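Please read the structure below before turning to the comments.
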Protein chains: 2
Amino acid sequence: MLEIRHLKTLIAIQESGNVSSAARRVHLTQSAISHQIKALETHYGLPLLERKGRSYGLTDAGKRLAELGKTIFSEIRRAERDLSGMHENQSGSMRIALECHTCFDWLMPVMDAFRKAWPEVEVDLVSGFHSDPVSLLDDRADIVILSDALKREGISYHPLFKFEMLAVLPIDHRLKAKRFLLPEDFAEETLISYPVPDERIDLMREVLIPSGIRPPRRTAELTVAILQLVASRRGIAALPSWGLSNYLEHDYVIARRIGRKGLWSGLYAAMIREMSDHPYMADFLSLLKENCFSKLKGVVPI
Amino acid sequence: MLEIRHLKTLIAIQESGNVSSAARRVHLTQSAISHQIKALETHYGLPLLERKGRSYGLTDAGKRLAELGKTIFSEIRRAERDLSGMHENQSGSMRIALECHTCFDWLMPVMDAFRKAWPEVEVDLVSGFHSDPVSLLDDRADIVILSDALKREGISYHPLFKFEMLAVLPIDHRLKAKRFLLPEDFAEETLISYPVPDERIDLMREVLIPSGIRPPRRTAELTVAILQLVASRRGIAALPSWGLSNYLEHDYVIARRIGRKGLWSGLYAAMIREMSDHPYMADFLSLLKENCFSKLKGVVPI
DNA sequence: GTCCGATTATGAATGAAATTCATGAATTGA
DNA sequence: TCAATTCATGAATTTCATTCATAATCGGAC
């Protein structure tokens with residue numbers, strides 16, 4: 001009766017807080033999830049979801065099953081790693097290139113976990129950015145984390161997640177009363193960003209350039225440095241929501257939506273198609289996804 | 001990809017030593033098992049079964065997955081017990097009646113495990129035998145372990161396993177050269193058995209009475225006592241193969257097949273249909289089955 | 001209050017995929 | 001060598017999870 005897929009679903013619900021986005025996460029329709037849960041509930045004769053108006057969470061029983069799921073998945077991964085160890089190909093290289101500066105923040109723990117699991121694989125971060133990041137796969141990198149998936153033959157793209165870019169303002173900024181910012185609002189501000197060309201900045205490419213607005217820019221290498229500049233009123237920035245929660249909670253800065261619907265961006269992992277068969281690559285990908293969804297607030301599956 | 005059912009299958013193969021009987025165990029055809037294993041093998045790119053002529057077992061990879069299965073199932077059972085604990089009905093009674101004397105031997109560990117898991121349930125062994133054991137369910141027992149499944153309305157029967165009854169002889173018996181015994185062979189022997197009427201002895205009911213042979217009988221309450229009497233040449237007995245392996249290995253007695261095809265008997269658990277819904281009953285049943293197949297040699301699913 | 005948007009529930013239809021069926025090949029024991 | 005087992009495999013079938021279509025529910029905006 002109980003199947004792996006049920007546990008996957010429950011965990012997705014727990015982590016995303018509602019059925020619809022859990023459905024997206026496990027690549028099913030909302031209907032499928034509802035049916036699954038209902039089947040489980042009638043089987044165990046216990047409610048698994050708490051449907052109290054807006055707040056929608058797992059009951060104790062649901063939580064217990066989600067917990068079961070987590071231990072089971074970690075057991076499965078351990079076993080599958082052991083299996084991979086019985087293969088020949090357990091050594092190799094993994095050069096990771098990042099298009100997105102902020103990604104350093106969550107990539108580190110993933111890399112650590114990976115190194116533990118695959119001590120024979122040589123992991124490297126490829127620094128230096130490129131106008132066509134995919135071309136790095138030709139010689140300099142084995143996997144590229146990038147935000148635009150321009151398909152190219154022979155390259156496989158693995159969607160990681162979607163997230164919102166928020167405008168970051170000092171706490172007492174003149175725009176703080178607005179619920180969301182419009183392109184005009186940026187006209188008189190200095191935009192603080194990573195040191196990359198305009199077209200590599202989502203806010204510029206998607207919002208400001210189309211509106212003909214070109215605010216002065218100032219750059220910093222590290223996310224914390226950008227935030228510090230914002231906090232000290234040197235300008236405003238646009239950063240992924242998931243990198244911000246800590247600073248927002250401590251009232252270091254404030255964040256506002258960009259445009260009525262928000263400015264959304266997606267992250268993908270790209271690699272030479274043949275590479276994705278390598279067990280260690282598959283494992284890295286699953287570590288990657290798992291980590292995003294369980295650790296990063298506000299990320300949504302693509 | 002990997003699913004619960006695969007793990008069930010692998011464990012069944014490991015415990016039964018070949019695909020066909022594993023198939024019976026999981027209530028599938030042999031073909032289904034083959035397909036399943038093949039799918040797993042191509043997915044992991046590793047062989048899971050060792051097909052070396054006669055000896056047919058799991059490879060290291062297969063063993064690793066079977067191990068994974070076992071830990072997963074024990075996790076699942078733990079979780080499901082916790083879920084049952086969230087129910088109201090966690091107390092109750094469980095009076096077990098046995099038709100088969102030898103069953104005491106393997107029932108004890110099951111009862112112990114059960115008592116640990118369901119401390120609130122009062123477990124009792126109902127002693128005293130009955131010509132119609134099912135009728136015990138009317139008032140004196142909640143579950144009956146019996147060897148013949150005469151269906152009765154409102155009673156649910158749960159097949160446990162099938163096993164062979166072997167004739168047990170002293171090591172230097174005159175019949176020791178025979179590969180199997182025929183009814184005539186019993187004519188001059190004393191039959192040592194549990195103290196129950198002729199019709200309750202499989203050997204009598206199925207073999208000797210139909211052949212008009214009525215050897216003298218002598219009885220003992222305990223299996224060890226019967227074996228002792230046999231070893232000291234007071235007669236021969238017929239006992240389930242799974243209760244014998246210890247004694248055979250130590251050359252305390254020898255065992256021979258009864259009839260060319262052997263004398264087979266089946267064991268069932270019967271209970272009032274409504275009872276089988278109770279979570280603790282379901283749990284007891286699964287403990288029961290699990291225990292039979294993993295601990296008893298030579299038992300086959302029905 | 002009610003209209004709208006978002007979210008969940010549910011029955012029926014669909015479709016993918018697991019299972020069975022029908023064989024063939026391989027091995028063993030008589 | 002012949003029957004009897006056991007496993008493998010491609011095709012047919014059946015099962016059952018998922019999707020589709022739609023209703024119900026709920027909260028917030030006006």
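Below, all heavy atoms of this structure are taken into account, side chains as well, without hydrogens, waters or symmetry copies. Numbers restart at 1 for each chain; the letters A, B, ... are given by sequence-line order, proteins then strands. Because the structure is a prediction, the values reported are computed rather than measured.
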Residue [X], side-chain heavy atoms: nucleotide from [options] that is nearest:
{"X": "A:Ser20", "options": "C:dT8, D:dA8, C:dT20", "result": "C:dT8"}
{"X": "B:Leu28", "options": "D:dT9, D:dT18, C:dT19", "result": "C:dT19"}
{"X": "B:Arg179", "options": "C:dT8, D:dT19, C:dA30", "result": "C:dA30"}
{"X": "B:Val19", "options": "C:dA30, C:dT8, D:dC7", "result": "D:dC7"}
{"X": "B:Thr29", "options": "C:dT19, D:dT5, C:dT20", "result": "C:dT20"}
{"X": "B:Ala32", "options": "C:dT20, D:dT18, C:dA9", "result": "C:dT20"}
{"X": "A:Lys38", "options": "C:dT10, D:dC7, C:dA9", "result": "C:dT10"}

Taking donor-acceptor contacts at under 3.5 Å, does the side chain of B:Ser31 reach the base of C:dC21? yes
Between the side chains of [X] and [Y], does any donor sit under 3.5 Å from an acceptor?
{"X": "B:Lys8", "Y": "B:Gln36", "value": "no"}
{"X": "A:Ser84", "Y": "A:Glu80", "value": "no"}
{"X": "B:Glu249", "Y": "B:Ser245", "value": "no"}
{"X": "B:Thr59", "Y": "B:Glu50", "value": "no"}

Report for the helix from C:dG1-D:dC30 to C:dA30-D:dT1: angle between first-end and last-end helix axes, five pairs each, rounded to 10 degrees. 20°
Between atom [atom1] in [X] and atom [atom2] in [N], what is the gap in whole Å?
{"X": "A:Leu48", "N": "C:dA9", "atom1": "CG", "atom2": "P", "answer": "11 Å"}
{"X": "B:Arg260", "N": "C:dG29", "atom1": "CZ", "atom2": "P", "answer": "16 Å"}
{"X": "B:His43", "N": "C:dA18", "atom1": "NE2", "atom2": "C1'", "answer": "16 Å"}
{"X": "A:Leu49", "N": "C:dT10", "atom1": "CG", "atom2": "P", "answer": "12 Å"}
{"X": "B:Asn18", "N": "C:dA26", "atom1": "CG", "atom2": "C1'", "answer": "15 Å"}
{"X": "B:Glu3", "N": "D:dA17", "atom1": "CD", "atom2": "P", "answer": "11 Å"}
{"X": "A:Leu2", "N": "D:dC16", "atom1": "CG", "atom2": "P", "answer": "16 Å"}
{"X": "B:Gln30", "N": "C:dT23", "atom1": "CD", "atom2": "P", "answer": "16 Å"}

5' priority, DNA chain D, between B:Gly17 and B:His35 [closest heavy atom]: B:Gly17
In terms of the nearest nucleotide of DNA chain D, which residue is placed more toward the 5' end: A:Ile33 or B:Ser21? B:Ser21
Residues forming a side chain to side chain contact (heavy atoms under 4.5 Å, CB included) with B:Leu285, sequence neighbours excluded: B:His158, B:Ala269, B:Met271, B:Leu288
Hey, is the side chain of B:Gln36 poking within less than 4.0 Å of OP1 or OP2 on C:dT19, counting only N and O atoms? yes
Under the side chain to side chain donor-acceptor pair (under 3.5 Å) rule, collect the residues that match up with A:Lys63, sequence neighbours excluded. none
Counting C-beta onward and ignoring hydrogens, is there a side-chain heavy-atom pair between A:Ser147 and A:Tyr268 closer than 4.5 Å? no
Heavy-atom side-chain contact between A:Glu290 and A:Glu15 under 4.5 Å: no
